[in-house]
Amino acid sequence: MIQFLLETTSGGSFKDNWVLLVLIGVLLIVFMVVPAFTQSRKNKKYKEMIDKIQIGDEIMTIGGIVGKITEVKDLSPTDKHIVIETGAGDNKSTIVLDVNAIFKVVNPAIAPQEPAPEPQTEPDKAE
């Protein structure tokens, strides 16, 4: 490929090689733009996951620790810590982590559902 480029660029003028230069430019743009879009999609999904975490969720951290969220502490609008409980039986321990240490939610907590309101029926009016 390099030999082809050297042969075509050394003997010809710019008018002869404009297609090759446009092709190289298009490829550079594609290889720079496509990863930016996919990364922004991943960041959006991660932010949605972080916003949905709640007490009782079972999570995995980026270090591989699996535990259940017992407390969520909002320190500031941009800084949030979580307390997770990990271990089994009598050997349980708690760990305080930054919310960005969450890799994935392994088992989301079941949110209590509010019972549906029963339809109100008007009593029969005796006429």
Side-chain angles (χ1 to χ4, degrees):
M1 173 104 183
I2 295 174
Q3 184 65 30
F4 172 75
L5 291 174
L6 290 175
E7 289 174 3
T8 57
T9 56
S10 62
S13 66
F14 178 73
K15 292 180 182 179
D16 296 336
N17 296 323
W18 70 273
V19 174
L20 182 64
L21 294 174
V22 168
L23 180 65
I24 291 173
V26 167
L27 287 175
L28 283 174
I29 290 172
V30 166
F31 284 118
M32 292 172 67
V33 171
V34 170
F37 282 123
T38 57
Q39 187 64 33
S40 68
R41 260 189 261 138
K42 286 180 185 178
N43 288 345
K44 185 177 179 183
K45 286 178 70 174
Y46 182 77
K47 185 175 179 345
E48 288 175 3
M49 179 191 69
I50 294 298
D51 290 340
K52 289 181 183 178
I53 63 167
Q54 59 185 357
I55 294 174
D57 286 350
E58 189 173 338
I59 61 160
M60 178 182 285
T61 67
I62 55 177
I65 300 171
V66 177
K68 188 175 283 193
I69 297 176
T70 59
E71 187 178 350
V72 179
K73 300 178 182 179
D74 288 327
L75 302 177
S76 70
T78 59
D79 197 18
K80 189 188 278 190
H81 286 169
I82 58 170
V83 179
I84 66 168
E85 184 179 70
T86 185
D90 294 337
N91 297 328
K92 291 190 176 188
S93 61
T94 58
I95 304 170
V96 178
L97 298 168
D98 188 75
V99 76
N100 293 320
I102 296 175
F103 176 63
K104 66 180 178 177
V105 177
V106 177
N107 191 9
I110 299 173
Q113 296 181 356
E114 297 178 14
E118 296 181 19
Q120 298 280 336
T121 58
E122 293 184 23
D124 292 333
K125 295 182 182 178
E127 291 182 25

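Bear in mind that the values here come from a model prediction, so they are computed numbers and not experimental data. Side-chain atoms are counted along with the backbone in the values below, which use heavy atoms only and exclude waters and symmetry mates.
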query = Would you say the side chain of Met49 lies within less than 4.5 Å of the side chain of Ile102, judging by non-hydrogen atoms?
reply = yes
request  = Spell out, yes or no, whether Ile82 and Ile50 are grouped together once hydrophobic residues are joined by side-chain heavy atoms under 4.5 Å, including indirect joins.
outcome  = yes
ask   = About how many Å separate CD of Gln39 and NZ of Lys44, when rounded to the nearest 0.5 Å?
value = 14.5 Å
note = Heavy-atom nearest pair, Lys92 first then Gly89, reads CG-O, 3.5 Å
key: Which atom of Pro35 lies closest to which atom of Val30, heavy atoms considered   = CD-O, 3.9 Å
key: Stepwise side chain to side chain contact (heavy atoms under 4.5 Å, CB included) test for Ile69 and Gln54   = CA-CA 7 Å; Ile69 297 176; Gln54 59 185 357; over 6 Å; no
ask   = Distance from Thr70 atom OG1 to Ile55 atom CD1, nearest 0.5 Å?
value = 7.5 Å
ask   = Do His81 and Asp79 have side-chain heavy atoms sitting under 4.5 Å apart?
value = yes
ask   = Among the clusters formed by ILVMFWY side chains lying less than 4.5 Å apart, do Ile53 and Ile95 turn up in the same one?
value = yes
ask   = When hydrophobic residues are tied together by side-chain contacts of less than 4.5 Å, even through go-betweens, does Val72 share a cluster with Tyr46?
value = yes
request  = Supply the atom-to-atom distance Ile84 CD1 to Glu71 CD, rounded to the nearest 0.5 angstrom.
outcome  = 13.0 Å
In one Ile/Leu/Val/Met/Phe/Trp/Tyr side-chain cluster, 4.5 Å: Val99, Val66 = no
ask   = About how many Å separate NZ of Lys73 and CG of Leu97, when rounded to the nearest 0.5 Å?
value = 11.0 Å
inquiry  = Give me the atom names and distance for the closest heavy-atom approach of Lys80 to Asp98.
reply    = O-OD1, 3.5 Å
request  = Kindly compute the distance separating OG1 (Thr86) from CD1 (Ile59), expressed to the nearest 0.5 Å.
outcome  = 9.5 Å
request  = Calculate, to the nearest 0.5 Å, the distance between atoms OG1 and CG belonging to Thr61 and Asn100 respectively.
outcome  = 12.5 Å
request  = Take atom NZ of Lys68 as the centre, draw a 6.0 Å sphere, and report whether it contains more than 12 heavy atoms from other residues, nucleotides or ligands.
outcome  = no
task = State plainly whether one hydrophobic cluster holds both Leu23 and Phe31, where clusters connect Ile, Leu, Val, Met, Phe, Trp and Tyr through side-chain heavy atoms under 4.5 angstrom apart.
result = yes
